[in-house]
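Below is one structure; the comments refer to it alone.
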Amino acid sequence: MINIKENESLNILNHSCAHLMAQAIKHLYPNAKFWVGPVIEEGFYYDVDLGEEVIKEEDLPNIEREMKKISKDGKRIVRHEITKDEALNMFSDDPYKIDLISRMDENENIISCYTQGDFTDLCRGPHVETVKVLKNFKLLKVSGAYWKGDSNNKMLQRIYGVCFENEEDLNSHIQEIEEAKLRDHRKIGKELNIFMSHDLVGKGMPLWLPNGAIIRKQLENYIYEKEQKMGYCHVYTPCVGTVDLYKTSGHWDHYKENMFPLMHVDEEEFVLRPMNCPHHMLIYGNELHSYRDLPIRIGEFATDFRYEASGAVKGLERVRCMCQNDAHLFVRPDQIGEEFKKVVSLILDVYKDFGLKNYKFRLSLRDPQDKEKYFDDDDMWNEAESKLREVLNELGVEYFEAVGEAAFYGPKLDVEVKPAVGPEVTLSTCQLDFLLPRKFELSYVDRDGSKKTPVVLHRAIFGTFDRFTAFILEETKGALPIWLSPVQVKIIPVNNEYHLEYASEIYEQLKNSNIRVELDDRDEKLSYRMREAQTNKIPLTLILGDKERDNKTISYRKFGSTETTTLSQMEFIQMLHDLIVNKEN
């Protein structure tokens with residue numbers, strides 16, 4: 001989907017169309033007052049105060065008709081420059097414009113506004129020359145938005161739209177939006193009972209339902225097994241830490257705006273942990289290590305808490321409470337390259353299993369022109385960045401560099417994955433860290449008996465289980481591979497009176513084979529039960545009737561198929577086993 005905000009011509013077109021929409025709304029709702037109407041990635045919106053009136057989704061076609069009427073009139077869009085005093089006088093009856101004007105820079109005495117026919121609004125511009133070119137547009141939705149994003153302020157109505165240069169591009173964009181709606185993991189999560197949220201728990205605090213818990217557990221088992229084979233040791237650590245812990249690590253100075261507020265308990269100050277590295281540093285420092293012990297790989301499925309802005313919270317994709325697939329590798333300097341290679345190889349192995357192909361590597365570096373938010377040690381940064389470049393070049397992995405995207409303690413490798421719809425998301429990360437081992441005074445005894453400081457690789461293959469689940473749901477539209485599906489097999493007896501006994505026998509057999517199976521013995525029509533199994537995106541549906549019962553066979557259909565296949569019981573169970581072990585559909 002095209003990013004309209006970053007496309008110069010579409011940006012201007014959509015900004016102008018926002019004014020066209022505002023003009024149409026003013027015609028239909030004379031008391032309307034307007035806050036701001038920016039261009040966004042998906043098009044534009046305008047925040048409107050309609051007093052007691054409300055614009056609903058069904059009102060949007062009426063606004064579109066008025067917009068088309070104005071567009072056909074073909075008025076020119078004219079820029080005016082006025083003084084601050086003139087602007088205050090012009091909009092004296094509009095508290096929203098007065099607020100905007102009053103908050104402008106003291107030196108900004110000349111203010112621009114744009115007029116088209118009977119409508120004038122403040123704007124820096126630029127705009128198209130005439131409303132006549134604004135004819136390929138669509139109003140998309142209506143939502144609520146607090147004035148200035150502050151929940152203490154009045155709720156305004158936010159109306160979204162999009163505009164293109166031709167009808168073909170508009171229709172293509174609308175189709176992509178509809179596809180995005182079908183793939184939205186929040187919609188899928190609700191339909192398939194994967195997760196929920198509740199105001200009593202709080203924004204960004206998802207509740208994993210039984211089906212979601214199965215998915216998450218399968219992901220945990222999957223990555224745990226891979227990490228065990230690679231020599232990882234898994235631990236459990238508390239979800240809180242003292243402020244002193246994060247002052248020692250440096251996170252308090254560099255990250256406290258993203259943490260939840262302090263908790264005072266007895267004589268101590270605690271915070272909910274936003275990351276796990278300080279805890280793992282202490283675990284490493286719990287005993288003396290020799291150079292022969294390294295690398296030491298500490299992994300954890302750890303629940304962390306980060307204060308995301310309420311407007312940024314989104315389903316499982318962006319949350320305030322998350323579970324990271326986290327690990328910290330404590331290595332000697334001469335082991336950096338080999339361990340980094342193993343992390344990249346693990347990432348590629350996982351992506352292969354999940355069929356992810358559209359991704360790219362980003363080397364996130366410090367901004368040498370803006371060092372304030374980074375640990376101040378030029379030699380450390382130069383060494384760390386050079387080491388990652390060296391390894392990536394040696395691996396022959398294509399990557400691009402992103403200045404200013406590093407963590408405060410070191411550079412990192414991010415893997416940006418292109419989902420089926422929407423912008424790229426970062427899933428996997430691997431960060432090189434010379435700093436935290438120093439801060440926690442970690443060491444190992446080297447060959448010559450001297451104490452040396454280890455280097456740490458921070459890595460997360462899935463990122464968080466929350467975001468990865470959201471990603472996979474949208475990639476598959478909820479039709480998960482059989483190994484990951486909450487229910488792998490649905491058994492439907494054709495007639496309970498004649499076939500339920502055999503269906504129950506197969507149910508017990510599959511259940512004893514560790515297959516996640518359900519028996520639908522409701523007194524409903526066969527077609528209804530089969531349709532519901534498809535709606536719930538069950539990978540395999542068994543239909544058992546006279547033929548299956550008499551021949552001791554199993555007839556099944558795969559999700560999305562109308563073809564029925566019949567196998568012996570042994571053949572079916574072997575097929576299931578192969579599909580699950582090989583991570584196939």
Side-chain angles (χ1 to χ4, degrees), residues 1-25 27-28 37-48 55-77 116 119 126-143 145 157-188 191 314-315 317 357-358 417-425 470-471 473-479 560:
M1 191 178 296
I2 191 169
N3 186 328
I4 289 169
K5 188 175 182 179
E6 294 181 356
N7 184 299
E8 184 177 357
S9 62
L10 287 179
N11 189 314
I12 296 172
L13 196 70
N14 277 265
H15 200 99
S16 304
C17 199
H19 280 231
L20 177 67
M21 181 182 74
Q23 184 179 8
I25 290 172
H27 286 180
L28 299 172
V39 176
I40 55 176
E41 289 184 9
E42 300 83 12
F44 63 85
Y45 70 77
Y46 229 119
D47 286 346
V48 189
I55 293 177
K56 301 177 182 177
E57 298 282 344
E58 53 264 34
D59 298 320
L60 296 183
N62 194 32
I63 298 173
E64 288 178 338
R65 282 191 289 272
E66 185 64 23
M67 290 171 68
K68 290 185 181 297
K69 180 179 175 183
I70 297 169
S71 176
K72 286 181 181 178
D73 194 34
K75 290 287 192 296
R76 293 187 62 79
I77 301 175
Q116 51 196 57
F119 181 76
H127 284 262
V128 295
E129 292 186 1
T130 170
V131 296
K132 187 178 292 186
V133 301
L134 305 173
K135 53 187 178 181
N136 299 297
F137 56 79
K138 178 71 176 174
L139 300 188
L140 302 173
K141 62 179 179 179
V142 180
S143 67
Q157 292 191 71
R158 178 168 291 179
I159 306 170
Y160 292 85
V162 67
C163 185
F164 279 87
E165 294 171 350
N166 58 69
E167 188 175 3
E168 182 180 355
D169 288 347
L170 174 64
N171 290 337
S172 176
H173 186 79
I174 298 301
Q175 287 178 359
E176 288 182 347
I177 290 175
E178 293 304 314
E179 176 69 13
K181 288 179 181 177
L182 292 175
R183 290 183 180 271
D184 190 327
H185 78 276
R186 293 167 296 182
K187 176 177 180 290
I188 296 170
E191 291 172 346
K314 180 183 177 184
E317 184 179 315
K357 299 177 180 178
N358 196 355
V417 182
K418 183 71 176 72
V421 294
E424 291 173 332
V425 295
F471 178 83
L473 288 176
E474 295 188 352
E475 283 291 290
T476 62
K477 292 187 181 180

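- Applying the side-chain hydrogen bond (donor to acceptor under 3.5 Å, both in side chains) test to Glu317 and every residue at least two apart in sequence or in another chain returns nothing.
- For the atom pair Ile63 CD1 and Glu66 CD, the distance stands at 10.0 Å (nearest 0.5 Å).
- For the atom pair CG (Asn14) and CD (Glu41), the distance works out to 12.5 Å, reported to the nearest 0.5 Å.
- Atom CG of Asn358 sits about 9.0 Å away from atom CD of Glu475, to the nearest 0.5 Å.
- Atom NE2 of residue His173 and atom SG of residue Cys163 lie 11.0 Å apart, to the nearest 0.5 angstrom.
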Which is it for Gln23 and Gln116 under the side-chain contact (heavy atoms from CB on, under 4.5 Å) test, yes or no, and what are the steps along the way?
CA-CA 9 Å; Gln23 184 179 8; Gln116 51 196 57; 2.9 Å; yes

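- Between His15 and His127, the ring planes lie perpendicular to each other; the angle is over 60°, past the 30° to 60° tilted range.
- Results of the side-chain contact (heavy atoms from CB on, under 4.5 Å) test with Ile77 over Val128, Val133, Thr130 single out Val128 as the only residue that passes.
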Kindly indicate, with the supporting measurements, whether the criterion side-chain contact (heavy atoms from CB on, under 4.5 Å) is fulfilled by Tyr160 and Val142.
CA-CA 6 Å; Tyr160 292 85; Val142 180; over 6 Å; no

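- For Asn62, the side chain to side chain contact (heavy atoms under 4.5 Å, CB included) test picks out Leu28, Arg65, with sequence neighbours left out.
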Can Glu42 and Ile177 be said to form a side-chain contact (heavy atoms from CB on, under 4.5 Å), step by step?
CA-CA 9 Å; Glu42 300 83 12; Ile177 290 175; 5.9 Å; no

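- In this structure, the separation between CD on Glu179 and CG on Asp184 is 11.5 Å, given to the nearest 0.5 Å.
- Residues Leu60 and Leu140 share a closest heavy-atom pair of CD1-C, 4.1 Å.
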Show which side-chain atoms of residues 5-13 pair as donor or acceptor with protein atoms under 3.5 Å away, not counting sequence neighbours.
from  : atom 1 : to     : atom 2 : distance (Å)
Asn7  : OD1    : Ser9   : N      : 3.3
Asn7  : OD1    : Ser9   : OG     : 3.0
Asn7  : OD1    : Leu10  : N      : 3.1
Ser9  : OG     : Glu165 : OE2    : 3.4
Asn11 : ND2    : Lys5   : O      : 2.8

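- Annotation: side-chain hydrogen bond (donor to acceptor under 3.5 Å, both in side chains) contacts of Asp47 (sequence neighbours excluded): Arg158.
- Taking all atoms of both residues into account, the shortest heavy-atom contact from Val131 to Ser71 is O-OG, 3.0 Å.
- To the nearest 0.5 angstrom, Ile159 atom CD1 is 5.0 Å from Met21 atom CE.
- Taking Glu64 as the reference, nothing meets the side-chain hydrogen bond (donor to acceptor under 3.5 Å, both in side chains) condition, with sequence neighbours excluded.
- Scanning for salt bridge (Lys or Arg N to Asp or Glu O under 4.0 Å) contacts around Asp73 gives Lys75, with sequence neighbours left out.
- The heavy-atom pair separating Tyr46 from Ala18 by the smallest distance is CD1-O, 3.3 Å.
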